[in-house]
Amino acid sequence: MKEDIRRIKDAAIAEIDAAPGPDALESIRIKYLGRKGIITELFKKMSSVPAEERPHLGSLINEVKDEVTCALASKTKAVSGYEEEHAEKIDVTLPGVPVRAGKIHPLTKTIDEICGLFISLGFRVVEGPEIETEHYNFETLNIPLEHPSRDAFDTFYLSREKRYLLRSHTSPVQTRFMEKNSPPFSIIVPGKVFRPDATDASHSFMFHQVEGLVVGEKVRFSDLKGILEIFARQMFGRNTRMRFRPSFFPFTEPSAEVDISCILCGGREFTAKRCSMCGGKGWLEILGAGMVNPKVFEAVGYDTERVTGFAFGMGVERIAILKYGITDIRLFFENDIRFLRQF
Ligand code: DAH
């Protein structure tokens with residue numbers, strides 16, 4: 001029996017040494033130490049052994065059991081280390097899993113760019129409410145009652161008494177700000193505006209504007225021209241030229257509509273004739289501007305003898321359409337990921 005025990009031990013140790021992985025080791029454990037395992041069976045055979053030999057054989061079998069258990073444990077540890085090293089190793093040469101990052105909306109991007117540019121010129125960003133009163137949207141801005149934009153068709157009114165409306169431009173923030181602040185200051189006002197226009201490729205009932213207002217002593221029209229020229233060159237390229245056309249806005253006097261040389265054909269006459277962007281005109285309108293009308297200063301209690309200022313307002317969609325060559329304003333608002341992913 002002693003010989004049998006020794007052979008069993010040697011066989012078990014040899015098998016453990018040769019085992020390639022955890023599955024093989026588990027089979028060996030069951031084969032020798034399981035409920036019907038070879039070593040377990042040895043204990044059962046003790047009953048047929050003469051009583052005086054039992055203590056000696058018993059401890060011998062226990063020793064073998066411990067030895068095999070230890071060998072199994074250390075081999076298991078060794079193969080699992082091997083597995084970690086080999087099976088779970090990260091292959092750094094495999095191509096990565098692409099992460100689909102979100103994108104900034106082209107309008108947000110354009111607003112950020114415009115504001116960033118004016119901030120670098122010393123302007124401060126100010127915002128105002130989208131629900132306005134007739135007082136700020138019209139009256140303080142010298143827009144008289146008979147002015148066409150006062151017509152209910154041009155403005156979304158929120159109440160029958162016409163007290164509240166959705167602002168039709170960002171200009172009311174001018175007088176809201178001036179009522180609470182004293183010159184000198186330079187502000188830039190981004191925001192949503194609303195007009196009941198039928199939606200088509202170039203109209204949306206909601207769009208965005210950026211308003212600018214600079215007020216102080218001796219602020220001149222040439223300052224306006226200088227600031228806008230810096231803006232146009234940074235936004236559309238160094239060679240961009242500007243043109244000021246006389247125009248009318250109730251809140252500025254004199255007023256101008258400002259064009260930039262066509263960013264596609266450069267406004268060169270012979271190419272302009274065929275240009276799809278400017279339609280041959282060579283110029284693209286980008287904003288309205290002017291010197292603040294003294295009536296606006298009066299509305300906020302400023303001393304019109306002392307302060308002067310200029311203001312301008314631009315459509316963000318228009319700027320983005322020109323900058324990125326977008327053909328339809330509705331693309332901004334349809335949330336089509338194929339469009340938005342391009343910016
Ligand atoms: N508020 C005008 C509009 O919505 C744009 C504008 C024109 C703003 C001239 C100004 C300005 O500040 O001086 O059409």
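We number each residue from 1, following the sequence as shown. Since the model is a prediction, treat every value here as computed from it, not as a measurement. Just so you know, ligand 1 is whichever comes first in the structure, and atom 1 is the first atom listed for that ligand.
- Close approach of ligand 1 to F249 (heavy-atom distance below 4.0 Å) involves ligand atoms 7 (C), 9 (C).
- How far OH of Y302 is from OG of S182: 5.5 Å, rounded to the nearest 0.5 Å.
- Geometrically, ligand 1 and A311 share a nitrogen or oxygen pair separated by less than 3.5 Å.
- Within the model, atoms CD1 of I230 and CG of L121 stand 5.0 Å from one another, a figure rounded to the nearest 0.5 Å.
- For ligand 1, the atoms sitting less than 4.0 Å from at least one non-hydrogen atom of S171 are 1 (N), 8 (C), numbered in the order shown with element in parentheses.
- Within ligand 1, counting atoms from 1 as listed, the ones closer than 4.0 Å to a heavy atom of Q209 are 3 (C), 4 (O).
- Counting the atoms of ligand 1 from 1 in the order shown, those under 4.0 Å from a heavy atom of G288 are 7 (C), 9 (C), 11 (C).
- Near Q174, meaning under 4.0 Å from any of its heavy atoms, are these atoms of ligand 1: 12 (O).
- Proximity of E253 to ligand 1 is not established, as no heavy-atom distance is less than 4.0 Å.
- Short contacts between ligand 1 and G290, defined as distances under 4.0 Å to a heavy atom of the residue, involve ligand atoms 13 (O).
- No hydrogens or angles considered: a donor-acceptor pair under 3.5 Å links the side chains of S168 and N137.
- Summarising the contacts of atom 10 (C) of ligand 1 with R167, R195, E211, the nearest heavy atom is found in E211.
- Closest approach of R100 and R341 over heavy atoms only: NH1-NH2, 3.5 Å.
- The closest approach between F310 and ligand 1 stays at or above 4.0 Å for every heavy atom of the residue.
- Taking the six-membered ring where the residue is Trp, Y324 and F343 present perpendicular rings, their angle passing 60° and hence far from 30°.
- Contact check for V214 versus L224: no side-chain heavy atoms found under the 4.5 Å cut-off.
- Screening N62, I5, L42 for a side chain to side chain contact (heavy atoms under 4.5 Å, CB included) with L57, the sole residue that qualifies is I5.
- Contact annotation: M314 has no heavy atom less than 4.0 Å from any atom of ligand 1.
- Rounded to the nearest 0.5 Å, atoms CG (L33) and CD1 (I39) are 5.0 Å apart.
- Looking only at heavy atoms of the protein, atom 2 (C) of ligand 1 is closest to F251 CZ, 3.8 Å.
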